[in-house]
> 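Sharing a structure here in structure tokens format.
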Amino acid sequence: REEKESFPKKEVQETISSLPRARGLALSEDLCQYQGFWVGLNALVGVILAQQHFQAQPTDIILSSIPKSGTTWLKALSFAIVTRNRYDDVNSPLLTEISHECVPVFIEFSFIQNKSCRSPDLPLLCTHTSFSCLPKSVIATPGCKIVYICRDPKDTFISMWHFVNSPKSTDPFLLEEAVELFCQGLSFQGPYWDHVLEYWNASLEMPEKVLFLKYEDIKSNPVFHVKRLAEFMGYPFALEEESKGMVQKVVELCSFEKLSTLEVNKTGKYKLRDELEFENRSFFRKGAVGDWKNYLTPEMAARFDQISEQKWKASGLSF
Ligand code: A3P
């Protein structure tokens, strides 16, 4: 367990005070532009402390995402895969806790809370940090792996817009304003397109280190992608497990239909940090592909698609 309390937060806060700051599509705090990405003020202290002090281990599997791209689902799937010999679909902690509680706190938040980003009996860690802002030891440590999940920017955007406009929000974002901010890159860990592109390129350069998953692909072929994820993480399903239907069981346990209807996810709360608590149900809105069609005008959708084309075309990435 890292000694969080001894970290010099004051110096970090001084660094942060000199950075560009703006209101973005985010929960009530301002965003700060740090090394090319807009990061929430609170998280940024942790991002910088992690860059300075986090030491990756060869057994680490780091789950990474932009919020609203499928983080809750990826955590559930990864947890179910790596603990499948410990729990089954009847006694899994996923039935009584939101997946955010089943895996340790985000690396960046662990540095500003008195919590560890590691659990002694689980190789899973998580982060929202962009690839280029990850602590150097993540890249330098052989064996340490990254799984990244992302999603069509239009669906991530709609999911994020709903999330930040939660019932408690006193100053909700109008759709037009939110589109403007997101397309300018002014959102949690934005620009979204750059965050995705960095991990995409890393997965092409280092396929054994970085697995790049698309939300839509898992939705359309969950069994294939759960097997792929398990294999990448070093927990492949044996033929005998496959024939017993264990892949399918993981898929069902982690499905939106199953998790969103559990009592804990209908009524429970999740505390990300002291002053930031969420209703668990806010992490389970619709779980659908293409919900953007119900909200974005054709002009708005075209704007997203133009940015995707401009930022991603050369890389071969598309949704
Ligand atoms: P929608 O708002 O489009 O419904 P994150 O976990 O990164 O915060 O992302 C939340 C999004 O993932 C929400 O999308 C949520 O409904 C969806 N989601 C949560 N759990 C899911 C699951 N088990 N399967 C599919 N989608 C899920």
Side-chain angles (χ1 to χ4, degrees), residues 25-27 40 43 62-81 89 92-95 97-103 105-106 108-109 124 126-130 147-167 169 173 175 178 182 187-190 192 195-196 199 213-223 225-226 229 248-262 264-266 268-270 272 276-296 304 319:
L25 186 63
L27 298 165
I62 301 176
L63 310 179
S64 179
S65 61
I66 284 240
K68 307 301 125 200
S69 294
T71 319
T72 314
W73 194 15
L74 178 63
K75 284 181 178 180
L77 290 169
S78 305
F79 180 86
I81 290 168
D89 51 352
S92 172
L94 288 166
L95 299 168
E97 284 174 304
I98 189 165
S99 64
H100 294 284
E101 303 274 16
C102 295
V103 303
V105 69
F106 291 93
E108 48 276 24
F109 284 119
L124 306 175
C126 42
T127 187
H128 286 316
T129 303
S130 64
V147 180
Y148 184 69
I149 189 164
C150 63
R151 189 179 187 188
D152 181 329
K154 301 188 285 302
D155 276 335
T156 300
F157 164 75
I158 287 298
S159 185
M160 197 178 281
W161 179 57
H162 280 95
F163 191 78
V164 297
N165 280 353
S166 71
S169 156
F173 293 88
L175 182 63
F182 191 88
S187 58
F188 283 121
Q189 288 288 350
Y192 181 75
H195 201 280
V196 174
Y199 278 99
L213 296 172
K214 289 181 186 167
Y215 181 100
E216 295 77 5
D217 289 347
I218 310 179
K219 268 270 176 195
S220 65
N221 196 348
V223 167
H225 288 285
V226 163
L229 173 60
Q248 193 58 40
K249 278 189 177 172
V250 166
V251 168
E252 279 163 24
L253 172 64
C254 300
S255 68
F256 184 84
E257 294 66 30
K258 175 81 184 182
L259 294 181
S260 64
T261 50
L262 294 172
V264 64
N265 291 329
K266 288 198 291 189
K269 288 184 178 168
Y270 162 58
L272 180 60
L276 194 54
E277 191 175 65
F278 301 102
E279 306 270 352
N280 288 353
R281 65 192 154 91
S282 67
F283 292 93
F284 301 92
R285 193 183 61 92
K286 256 191 195 172
V289 171
D291 189 39
W292 62 267
K293 293 181 189 133
N294 297 316
Y295 298 91
L296 298 182
F304 278 80
F319 281 84

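Both counts, for ligands and for their atoms, begin at 1 and track the order of listing. Model, not experiment: these values are computed from the prediction.
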> Taking the six-membered ring of Phe278 (Phe, Tyr or Trp), confirm whether the NZ or CZ of Lys269 is under 6.0 Å from its centre and within 45° of its axis.
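No; the conditions do not both hold, so Lys269 does not lie above the ring face of Phe278.
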> Does any N or O atom in Ala288 lie less than 3.5 angstrom from one in ligand 1, N or O only?
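No: no nitrogen or oxygen of Ala288 is under 3.5 Å from one in ligand 1.
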> Does Tyr215 approach ligand 1 within less than 4.0 angstrom via side chain, backbone, both or neither, non-hydrogen atoms only?
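For Tyr215, the contact with ligand 1 is made by the side chain alone.
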> Under 4.0 Å from a heavy atom of Phe284: which atoms of ligand 1 are those, numbered in the order shown and with their elements?
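Those atoms are 16 (O), 19 (C), 20 (N).
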> For the 3.5 Å polar cut-off, considering only N or O atoms, please tell me whether Pro67 and ligand 1 meet it.
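No.
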> Side chain, backbone, both or neither: which applies to Ser159 and ligand 1 if a contact is any heavy-atom pair less than 4.0 Å apart?
both
> Please work out, at 4.0 Å between heavy atoms, whether the side chain, the backbone, both, or neither of Ser255 comes within that distance of ligand 1.
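Backbone only; the side chain of Ser255 stays clear of ligand 1.
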> Using a distance-only test with no angle check, is there a side-chain donor-acceptor pair under 3.5 angstrom linking Ser64 and His128?
no
> When the ring planes of Tyr199 and Tyr148 are compared, do they come out parallel, tilted or perpendicular, using 30° and 60° as the limits?
parallel
> Tell me the nearest of Phe283, Phe163, Phe157 to atom 19 (C) of ligand 1, using heavy-atom distances.
Phe283
> What do we get for Ala76 next to ligand 1 when only non-hydrogen atoms under 4.0 Å count, side chain, backbone, both or neither?
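Ala76 to ligand 1: no contact under 4.0 Å from either part.
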> Between Asp155 and Lys68, is there a salt bridge with N-O shorter than 4.0 Å?
no
> Between Asn165 and Phe173, is there a donor-acceptor pair closer than 3.5 Å when you use the side chain of the first and the backbone of the second?
yes
> Any heavy atom of Ser69 sitting closer than 4.0 Å to ligand 1?
yes
> For atom 6 (O) of ligand 1, what's the nearest protein heavy atom and its distance?
Thr72 OG1, 2.4 Å
> To check you understand the geometry: which heavy-atom pair defines the closest contact between Arg151 and Phe319, and what is its length?
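Nearest pair, atom of Arg151 first, then Phe319: C-CE2, 3.4 Å.
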> With Lys286 as the cation and Tyr295 as the aromatic partner, state whether NZ or CZ is under 6.0 Å from the six-membered ring centre and within 45° of the axis.
no
> So, do Phe182 and Trp161 sit near enough that their side-chain heavy atoms are less than 4.5 Å apart?
no
> Look only at interatomic distance and state if Leu259 has a nitrogen or oxygen under 3.5 Å from any nitrogen or oxygen of ligand 1.
no
> Let me confirm one number: the CG-CG distance from Leu259 to Leu253, rounded to the nearest 0.5 Å.
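So the gap between those two atoms works out to 6.0 Å.
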> Of all the non-hydrogen atoms in the protein, which one sits nearest to atom 22 (C) of ligand 1, and at what distance?
Trp73 CG, 3.4 Å
> Which atoms from ligand 1 have a heavy atom of Gly287 less than 4.0 Å away?
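Those qualifying, in numeric order: 1 (P), 4 (O), 16 (O), 26 (N).
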> Are any of the N/O atoms on Lys286, whether in the backbone or the side chain, positioned under 3.5 angstrom from an N/O atom of ligand 1?
yes
> Has ligand 1 got any nitrogen or oxygen that is less than 3.5 angstrom from a nitrogen or oxygen of Thr71?
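Among all N and O atoms of Thr71, at least one is under 3.5 Å from an N or O of ligand 1.
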> How about Ser187 and Tyr192: does a side-chain donor come under 3.5 Å of a side-chain acceptor?
no
> In the protein, which heavy atom is nearest to atom 8 (O) of ligand 1, and how far is it?
Lys68 NZ, 2.5 Å
> How does Arg151 reach ligand 1, by side chain, by backbone, by both or by neither, if only non-hydrogen atoms under 4.0 Å count?
side chain
